[in-house]
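Structure record follows, encoded as structure tokens.
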Amino acid sequence: MPELPEVETVARGLARVMEGARIAHVQLNRPDLRFPFPAGFAERLAGQRFEALGRRAKYILAHMSDGDILLMHLGMSGRFTIHEDGAEGRPGAFHHDVNTDGGTNDPHAHVVFTLENGVRVVYCDPRRFGMMDLFARSELPDHKLLKDLGIEPLGNELSGAFLNQALRTKQTPLKAALLDQRIVAGIGNIYACEALFRSGLSPRRLARTITSAGGATARSEHLAQTIRDVLSEAVAAGGSTLRDYVQTDGELGYFQHRFQVYDREGDPCVRPRCSGTVGRIVQSGRSTFFCPVCQR
DNA sequence: AGCTCGACCTGCACGC
DNA sequence: TGCGTGCAGGTCGAGC
């Protein structure tokens, strides 16, 4: 469940129970996810308090009381569930959880954080494309996975002028440029498709063709606005739920009901008076959904 | 340096 | 029913 709106939703859900809470115990059920857990991961976290949780791109960052940063990525299938009924073994408040042991019986429950107040936070990730790292705050600016990330699309930096500059020399298709985390960080396959549809721009068009030497163009301005709009609407909706629950409390995100092209191959274009049919092509190894009639 | 593509994993939906 | 195929919200790094 991993694009910016889903990660933001998860980070907020985790913040609600983690911020201010102290870790009693961390259980690792395997040595690695996408990468091995760093040496002493569980032992170093035990006893530390969560001071603040936030998001950068599709990463969740927890600032810990001993000055460490706990960095987490959900990959494609990572999920956190919160079990506030403690270790009693009762069926949880988390009603989507089919296990009565609070999720730890799930074969893909790889990490279990037990807080001193009895709350358990369980990380499940069937495909194990997610990752966790733990390092000193001083290493944050040069962290390998974070240092090359581009701007936050919901911050003040995203503008037509920014996109014009960033895409000015890009020979890659526009869709691929939106997926490039070094430019704008946090856009994934769904929201790239949706933003391009809203902006009326073809995913196949070379990125530099929406720019000009003179500065922002109408197209770059429009794209900046549609990126901002679609992501902020999705955050407000609690993200999108595709194949499973999104939020830490088991609530469903509902932005998927507002997809206009994603996963709608063969549907008529929703744009009024457009006669097009949503098509699907493969770019950068990923499905792109778009209307070949009104996206030019 | 810029760009494309395969690799990493499991699960599920589909057609035969 | 069972099996093979293709697909899934990401991204790292090899190779051109």
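Throughout, protein chains are lettered first and strands after them, A, B, ... in sequence-line order, and every chain is numbered starting at 1.
- Applying the ring pair (Phe, Tyr, Trp, His ring centres under 6.0 Å) rule to pairs touching residues 196-222 of chain A yields nothing, sequence neighbours excluded.
- In this structure T209(A) satisfies the side-chain hydrogen bond (donor to acceptor under 3.5 Å, both in side chains) test together with R205(A), sequence neighbours excluded.
- Residue-level contact check: P5(A) touches neither bases nor backbone, having no heavy atom under 4.0 Å from any strand.
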Set out, line by line, the N/O atom pairs under 3.5 Å between protein and nucleotides 14-16 of chain C.
none

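- The shortest distance between the side-chain N/O atoms of T172(A) and the OP1/OP2 oxygens of dT4(B) is below 4.0 Å.
- Pairs passing the ring pair (Phe, Tyr, Trp, His ring centres under 6.0 Å) check and including a residue from residues 271-296 of chain A, sequence neighbours excluded, read Y262(A)-F289(A).
- With sequence neighbours excluded, no residue forms a salt bridge (Lys or Arg N to Asp or Glu O under 4.0 Å) with R286(A).
- In terms of position along DNA chain C, the nucleotide closest to F289(A) lies nearer the 5' end than the nucleotide closest to the other residue of the pair F289(A) and Y59(A).
- Residues R280(A) and S287(A) have side chains that bring a donor and an acceptor to within less than 3.5 angstrom of each other.
- For H108(A), there are no side-chain hydrogen bond (donor to acceptor under 3.5 Å, both in side chains) partners, not counting sequence neighbours.
- Y59(A) meets the ring-ring contact (aromatic ring centres under 6.0 Å, His included) test with H73(A); sequence neighbours excluded.
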> When you check every protein heavy atom under 4.0 Å of nucleotides 6-12 of chain B, what one-letter string (B, S, -) results, 5' to 3'?
Replying inline: --BBBS-
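- For dC7(C), the OP1/OP2 oxygens have a side-chain nitrogen or oxygen of R280(A) closer than 4.0 Å.
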> For DNA chain B, what is the dot-bracket line, given that a base pair needs Watson-Crick (N1 to N3, plus N6-O4 or O6-N4) or G-U wobble (N1-O2 and O6-N3) geometry with both distances under 3.5 Å, and | means paired with another strand?
Replying inline: .|||||||.|||||||
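- Every residue two or more places apart in sequence or in another chain that forms a ring-ring contact (aromatic ring centres under 6.0 Å, His included) with F255(A) is listed here: Y191(A).
- dC3(B) and dG9(C): their P atoms are spaced 23 Å apart (whole Å).
- Distances shown here put every side-chain N or O of K175(A) at or beyond 4.0 Å from the OP1 or OP2 atom of dT4(B).
- Close to dC7(C), at under 4.0 Å from its OP1 or OP2, lies no side-chain N or O of S287(A).
- Rounded to whole Å, the separation between the P atoms of dC5(B) and dC7(C) comes to 15 Å.
- Residues passing the ring-ring contact (aromatic ring centres under 6.0 Å, His included) test with Y254(A): none are found, sequence neighbours excluded.
- For F37(A), the ring-ring contact (aromatic ring centres under 6.0 Å, His included) test picks out F41(A), with sequence neighbours left out.
- Comparing K58(A) and K144(A), the nucleotide of DNA chain C nearest to each residue sits closer to the 5' end for K58(A).
- Comparing G285(A) and R182(A) by the nucleotide of DNA chain B whose heavy atom lies nearest to each, the residue mapping closer to the 5' end is R182(A).
- The only member of R56(A), M72(A), R55(A) that meets side-chain contact (heavy atoms from CB on, under 4.5 Å) when paired with L61(A) is R56(A).
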